[in-house]
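The next block holds one structure in the form of structure tokens; read it before the comments.
For the single chain, residues carry numbers from 1 onward in sequence order. No hydrogens, no waters, no symmetry mates; every other heavy atom, side chains included, goes into these values.
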Amino acid sequence: MKSLSNQVVSMKPSGIRRFFDLAQTMENVVSLGVGEPDFITPWNVREASYAALEQGYTAYSANAGLLELRQEISHYMKQRFDVAYDPATELIVTTGASQALDIAFRALLNPGDEVIVVEPAFVSYGPLIEMAGGTVVPVACRPESGFRLSREDVEAAITERTKAMLLCFPSNPTGATMTGEELADIAELATKHDLWVVSDEIYAELSYDEPFTSFATLHDMRERTIVVNGFSKAFAMTGWRLGFTCAPEVVTREMLKVHQYGMMCAPTLVQFGGLEALRSREQHVPKMVKSYRQRRNYFIQALNDAGLPTHMPGGAFYAFPSIRHTGLSSEEFAERLLLEERVAVVPGNAFGASGEGFVRASYATSIEQLQEAIRRIDRFMSQFEVTVTTDSQQ
């Protein structure tokens, strides 16, 4: 038989899923691996989809999504982030934020175009860029700066082939955030070098210590930014697979072509749920955010006390502790922790080379589960002679 795609065959499976799948074969595991809220989707959101089904809304929607949902997303973006988009020409409803990223890169990139990716980075970024014909240029965020992005490091990575930057703050996996002023420095580079910016803002609602700044609101950025967002994280709707893009018409038009041929439209019943989620946001999202903040405060302190130096993440729901002082690689640490103590975390190198020496642990689980995880981690760490360092020393 003829060979398969070289690009796909050479692609590594997700480093997140490997440890999650292994953990599922074991009993009595405390899983801190997958970044998924432990909240159930609010009842009124589920009920809205049930009602749509009962009323017979089972056909395709418009390719770009239900107009009513696009109008509500437009209202949400203006009210929440102070940036306006035309629901008729600048919004696309997608099957999750991952598909939104996919159509963005397919619309932007020609073979050989370079995309600066901030690392440590979510595992799908690199493969999506490569499948669209692009070349990934990683720029590492340093632990000593709290994993914030340096303007100097970004500018040093820009070449004549650079087409775009991919940003995600709050970050997966580090939980790092950046202020509007810090992001403005990066925005100046986009203007100076005529770059597109793909801003993954899926954790926009989960910013605990400072106001979130949408990249499109920065000076001259609206016309060169593709905002990617969705319902999975803040709205506890991971399994619904519902996301959206907000971008200038010139690029939305091209992304819609890719969406039309690859997906047709997001499931109609799911879109009705998303509509209700946005309309009832103030009833549910603040409560979940408050709970995540409380868990963060407990978990980060507990990890540091257990001998795992961990910076205080400003957003998302991930801790990214350093394990360098144990003498183990990220994969060795994660595997031994799982096998010896039944705690599942993700090795940091799953998020790029700059993630080596760290592991990702999600605190989107109950306090009771986090406390049990800490008891086991503390026991596991007792075999290592370590000295806890402060954030600035990591």
Lys/Arg-Asp/Glu bridge criterion (N-O < 4.0 Å) met for [X], [Y]:
| X | Y | answer |
| --- | --- | --- |
| E282 | K287 | no |
| R279 | E72 | yes |
| E205 | K233 | no |
| R224 | D220 | no |

Is the centre of the [X] ring less than 6.0 Å from the centre of the [Y] ring?
| X | Y | answer |
| --- | --- | --- |
| F333 | F380 | yes |
| F358 | F147 | yes |
| Y292 | Y363 | no |
| Y203 | Y318 | yes |

Pairs involving residues 4-13, ordered by first then second residue, that meet side-chain hydrogen bond (donor to acceptor under 3.5 Å, both in side chains) (sequence neighbours left out): none

Residue pair M237 / A277: nearest heavy atoms and the distance that separates them: SD-CB, 3.9 Å

Over all atoms of both residues, closest heavy-atom pair of A157 and V139: CB-CG2, 3.6 Å

Any residue meeting ring-ring contact (aromatic ring centres under 6.0 Å, His included) with F169, in chain and number order, not counting sequence neighbours: none

Any donor-acceptor pair under 3.5 Å from S74 side chain to P87 backbone: no

Any donor-acceptor N/O pair, Q271 side chain to L66 backbone, under 3.5 Å: yes

Short side-chain donor-acceptor distance under 3.5 Å, T217 and S214: no

Parallel, tilted or perpendicular: ring planes of F235 versus F231, cut at 30 and 60 degrees: tilted

Aromatic ring pairing Y57/F272, orientation class (parallel under 30°, perpendicular over 60°, tilted between): tilted

